[in-house]
Amino acid sequence: MSRPAGRGPRRLTRWWRRRSLRTRLTVIAATAIAVSVFMAFQVASELLDWELRDTAEEQLRADSRVLATTAQRAGLAQVRLPPYPGSGRLVRVILPDGSTRTPAGQPALPPVSEHAWRVAQGASADLMEADDSDDGYLVYTLRAGDGAVQVARVADDSPINQFGFGMLLIGLLCVVGGALVGRTVARTGLAPIDRLTAAAVRVAHTRELDADIPDEGGGEIRRLIQSINDMLAALRDSRLAQRLLAEDAAHELKTPLTSLRLNVELLIRLDRRGTLDSALPAESRTRLLNDLGAQVAELSTLAAELTDLARGDVSDENTELLDLADVVGAAATRARSRVPDIEVALDVTSVWVSGRPAALQRAVLNLVDNAGKWSPADQPVQVRLRAEGASAVLEVDDAGPGIDAADVPRVFDRFYRADSARALPGSGLGLSIVQRVVDAHGGRVTVARSARGGALLRVGLPAAAPPAPAARLTDGEDTAVR
């Protein structure tokens with residue numbers, strides 16, 4: 001069965017990805033040095049071969065000129081050819097009749113080529129050619145008299161081979177040295193990352209977020225350490241916020257739970273004794289049951305507001321383009337349905353914003369509820385909405401006693417309730433949720449004193465361009481169809 005194509009490269013890729021960064025750097029350094037040495041060897045070998053060949057050709061030309069001069073003086077047939085000494089150059093004389101003369105004891109040269117015969121016949125002055133036989137002769141033919149002389153030399157590759165062997169040893173030493181240097185450089189360069197990893201492991205095991213990782217190194221390493229320190233700081237803040245939320249929630253839940261438990265225990269104890277009717281007249285029982293209902297409602301409201309506050313992201317809704325006047329109108333309607341006695345006077349104009357409808361409606365509802373607690377029965381809660389420059393400004397004021405100057409800095413804190421508000425229902429989370437919603441929408445909420453003497457809470461949100469008329473018409477048609 002044939003192996004599927006591409007499995008080998010994928011396996012090599014997986015193997016490479018499983019290697020540590022230190023191993024990768026070592027392999028890359030050794031490979032880079034090996035490639036560099038190989039390229040240098042190739043270039044140097046070509047240059048050396050070209051230089052040796054050029055030197056050999058010059059030597060053959062010089063020897064041929066000497067032999068041709070002697071042959072012209074003495075004649076090709078009579079020129080003296082000393083016996084072959086056993087090494088060195090090889091010579092041959094080509095006579096006009098096509099025969100040849102060689103020194104005694106000299107190895108046989110390759111047959112005279114067609115091009116060399118043409119030189120002997122006067123067709124050209126000289127010829128340098130390389131023989132393709134196993135011995136690899138380099139032969140130079142020079143016209144002399146009525147024939148020609150040839151001087152040849154065996155192509156000697158030993159200098160190239162020796163040079164290549166030397167380069168191989170040097171290359172191996174360079175690769176080994178490069179791997180060691182790469183390993184050392186990788187270990188030194190990655191030392192901050194190793195310490196960073198150890199610190200991160202320590203934080204993960206001990207759950208201690210207070211100790212920052214020492215800022216060392218430079219460039220990318222420093223930015224990485226700073227990013228992790230910023231992340232640890234954010235985790236510390238998140239943990240602190242969670243602890244404070246849990247402590248505040250436990251504190252706020254303690255009072256209504258204690259009161260609820262005492263009332264229920266009283267009812268159970270009287271019922272067990274059979275004295276419920278005699279100990280609690282109808283009027284007292286009604287008041288006690290009303291208290292129980294109010295305490296359960298307070299706990300439900302507190303639980304819902306704690307859920308909203310603990311979510312952190314305000315809402316999972318998608319941001320959309322909406323008319324804030326519609327949101328304010330819907331919030332006012334909900335406020336009237338929840339507290340029928342509350343009177344809300346609206347003075348709103350159409351202002352478009354980009355936001356989350358449900359979250360914004362919850363914020364407006366909290367503002368109206370808060371104002372409704374303080375407004376006298378004959379004084380409405382005034383809600384105004386207008387555009388100011390590039391902002392949508394929402395104002396909610398009441399005719400109550402207002403907020404003391406000492407309470408203004410903490411009015412948006414979680415669970416904070418002024419001394420004057422302790423007797424009123426509420427959890428102290430409403431305005432904190434308002435601030436979180438407004439901050440999430442890039443706005444700002446402030447508190448001041450209204451012209452009627454009560455509190456004036458002002459919300460500013462970034463306004464958005466209204467949709468094109470065609471788009472609004474299409475949306476209306478789609479709504480009608482649905």
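Hydrogens, waters and symmetry mates play no part in the numbers below; they use all other heavy atoms, side chains included. Because the structure is a prediction, the values reported are computed rather than measured.
- By the 4.5 Å heavy-atom criterion applied to side chains, L456 and T446 are not counted as neighbours.
- The CG atom of L52 sits 11.5 Å away from atom CD of E57, with the distance rounded to the nearest 0.5 Å.
- Under the side-chain contact (heavy atoms from CB on, under 4.5 Å) criterion, Q379 pairs with P376, A399, R452, not counting sequence neighbours.
- In this structure, A332 and V344 approach most closely via the heavy-atom pair CB-CG1, 4.0 Å.
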Any chance you could lay out the side-chain contact (heavy atoms from CB on, under 4.5 Å) test for L321 and W352, step after step, and finish with the verdict? CA-CA 7 Å; L321 189 63; W352 291 81; 3.9 Å; yes
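- Here the closest non-hydrogen pair linking L360 and G355 is CD1-CA, 4.3 Å.
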Give every donor-acceptor pair under 3.5 Å between a side-chain atom in residues 381-395 and any protein atom, sequence neighbours left out.
| unit_1 | atom_1 | unit_2 | atom_2 | d |
| --- | --- | --- | --- | --- |
| Q382 | OE1 | R384 | NH1 | 3.0 |
| R384 | NE | E395 | OE1 | 3.1 |
| R384 | NH1 | D397 | OD2 | 3.1 |
| R384 | NH2 | E395 | OE1 | 3.1 |
| R384 | NH2 | D397 | OD2 | 2.9 |
| R386 | NE | E388 | OE2 | 2.8 |
| R386 | NH1 | E395 | OE1 | 3.3 |
| R386 | NH2 | E388 | OE2 | 2.7 |
| R386 | NH2 | E395 | OE2 | 3.0 |
| E395 | OE2 | R458 | NE | 2.9 |
| E395 | OE2 | R458 | NH2 | 3.0 |

One pair to check against salt bridge (Lys or Arg N to Asp or Glu O under 4.0 Å): E265 and R269. What are the steps and the verdict? CA-CA 6 Å; E265 288 178 352; R269 186 164 55 251; 5.1 Å; no
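- Across all non-hydrogen atoms, the minimal contact from T319 to S354 is CG2-OG, 3.1 Å.
- The salt bridge (charged side-chain N to carboxylate O under 4.0 Å, His left out) test applied to E51 returns no partner, not counting sequence neighbours.
- Shown here are the side-chain contact (heavy atoms from CB on, under 4.5 Å) partners of A463, two or more places apart in sequence or in another chain: V351.
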Could you walk me through whether V437 and V434 pass side-chain contact (heavy atoms from CB on, under 4.5 Å), step by step? CA-CA 5 Å; V437 172; V434 170; 6.0 Å; no
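- The nearest pair of heavy atoms linking A331 to V364 is CB-CG1, 3.5 Å.
- Distance check: E58 CD to R53 CZ gives 12.5 Å after rounding to the nearest 0.5 Å.
- Side-chain contact between P357 and E320 is present, with heavy atoms from C-beta onward closer than 4.5 Å.
- Atom-to-atom distance recorded for S350:OG and L324:CG is 9.0 Å, nearest 0.5 angstrom.
- A heavy-atom distance below 4.5 Å is found between the side chains of R362 and N366.
- With hydrogens and angles ignored, the 3.5 Å screen pairs a side-chain donor or acceptor of H441 with a backbone N or O of R356.
- For the side-chain hydrogen bond (donor to acceptor under 3.5 Å, both in side chains) test, residues two or more places apart in sequence or in another chain that qualify with E129 are S113.
- Using a 4.5 Å heavy-atom cutoff, the side chains of V328 and Q361 are not in contact.
- The minimum heavy-atom distance between V396 and L367, with the atom names listed, is CG1-O, 3.9 Å.
- Closest approach of A325 and V348 over heavy atoms only: CB-CG2, 4.3 Å.
- Taking V35 as the reference, T31, M39 meet the side-chain contact (heavy atoms from CB on, under 4.5 Å) condition, with sequence neighbours excluded.
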